[in-house]
Amino acid sequence: MIKKTFGAPLQTTDTTLYEVPNSKKAQWVLLYATNTAGSTSNFTVGFYDSSESTTLDVFDGYSLSSKEFFKIGGEFNEFIAMYAGDKIVASCDTNNAITMLVSVIEENDVIQGG
């Protein structure tokens, strides 16, 4: 099991923040967003489910005021299960206005020694 954090400034088109590698599974445990711009900006976060080839909206047009932050997750047993090829994607309405971090716990998808 490996804990990892990924981040990026968001753009007006989808930015892939994390993709589960082949032969791995992951738990998405935290999302943290901050607005570094001088005005309110909206962001969207999606979960790409590779088994269904579809993106599900987690947040759609969530408004974040200037210099404010948003956090969800981080508590024990709060996670979204992810499998190889699944992705966390995000965008905002103004390039570079929102910076987003996601934390995951990644592990092998194969039972060891079994």
Any residue meeting ring pair (Phe, Tyr, Trp, His ring centres under 6.0 Å) with Tyr62, in chain and number order, not counting sequence neighbours: Phe43, Phe59, Phe70

By side-chain contact (heavy atoms from CB on, under 4.5 Å), Asp57 pairs with (sequence neighbours left out) Thr44, Asp60

For the residue pair Ser66 / Ser39, report whether a side-chain donor-acceptor contact shorter than 3.5 Å exists. no

Are Val104 and Val58 grouped together when hydrophobic residues (ILVMFWY) are joined by side-chain heavy atoms under 4.5 angstrom apart? yes

Could you check if a side-chain atom of Glu107 sits within less than 4.5 angstrom of a side-chain atom of Gln27, using non-hydrogen atoms only? yes

Suppose the criterion is side-chain hydrogen bond (donor to acceptor under 3.5 Å, both in side chains): which pairs have a residue in residues 74-86, not counting sequence neighbours? Ser50-Asp86

Do you see a donor-acceptor pair shorter than 3.5 Å between the side chains of Lys67 and Asn35? no

Kindly give the heavy-atom pair with the smallest separation between Met82 and Val20, and that separation in Å. CB-CG2, 3.6 Å

Which residues satisfy the side-chain contact (heavy atoms from CB on, under 4.5 Å) test with Thr15, sequence neighbours excluded? Ala8, Leu10, Gln11, Leu17

Would you compute the distance between atom CG of Asp109 and atom OG of Ser23 and round it to the nearest 0.5 angstrom? 7.5 Å

Please list, chain by chain and in numerical order, all residues satisfying side-chain hydrogen bond (donor to acceptor under 3.5 Å, both in side chains) with Thr99, sequence neighbours excluded. none

When rounded to the nearest 0.5 angstrom, what distance separates CZ in Phe47 from CD1 in Ile80? 7.0 Å

Give me the atom names and distance for the closest heavy-atom approach of Asn22 to Ala84. CA-CB, 4.0 Å

Candidate pair Ser91 and Thr13, rule side-chain contact (heavy atoms from CB on, under 4.5 Å), full reasoning: CA-CA 6 Å; Ser91 63; Thr13 57; 6.0 Å; no

What residues form a side-chain contact (heavy atoms from CB on, under 4.5 Å) with Thr12, not counting sequence neighbours? Asn95

All side-chain hydrogen bond (donor to acceptor under 3.5 Å, both in side chains) counterparts of Thr36, not counting sequence neighbours: none

Holding to side-chain hydrogen bond (donor to acceptor under 3.5 Å, both in side chains), I want the full list of residues that pass it with Ser51, two or more places apart in sequence or in another chain. Asp49

When rounded to the nearest 0.5 Å, the distance separating CG of Asn108 from NZ of Lys25 is 9.5 Å

Any residue meeting salt bridge (charged side-chain N to carboxylate O under 4.0 Å, His left out) with Lys4, in chain and number order, not counting sequence neighbours: Glu106

Separation between CG of Leu64 and CE of Met100, rounded to the nearest 0.5 Å: 8.5 Å

With sequence neighbours left out, the residues meeting side-chain contact (heavy atoms from CB on, under 4.5 Å) with Val89 are Asp14, Thr16, Thr55, Lys87

Write down the atom of Ser63, the atom of Thr40, and the distance for their closest heavy-atom approach. OG-CG2, 3.1 Å

Taking all non-hydrogen atoms of both residues, which atom of Val29 and which atom of Ile105 are closest, and how far apart? CG1-CD1, 4.1 Å

By ring pair (Phe, Tyr, Trp, His ring centres under 6.0 Å) - contacts of Tyr48 (at least two apart): none

Could you identify which residues cluster with Phe69, counting Ile, Leu, Val, Met, Phe, Trp and Tyr as linked when any side-chain heavy atoms lie under 4.5 Å apart, either directly or through a chain of such contacts? Tyr32, Leu101

Return the CG to CD1 distance between Leu30 and Ile72, rounded to the nearest 0.5 Å. 9.5 Å

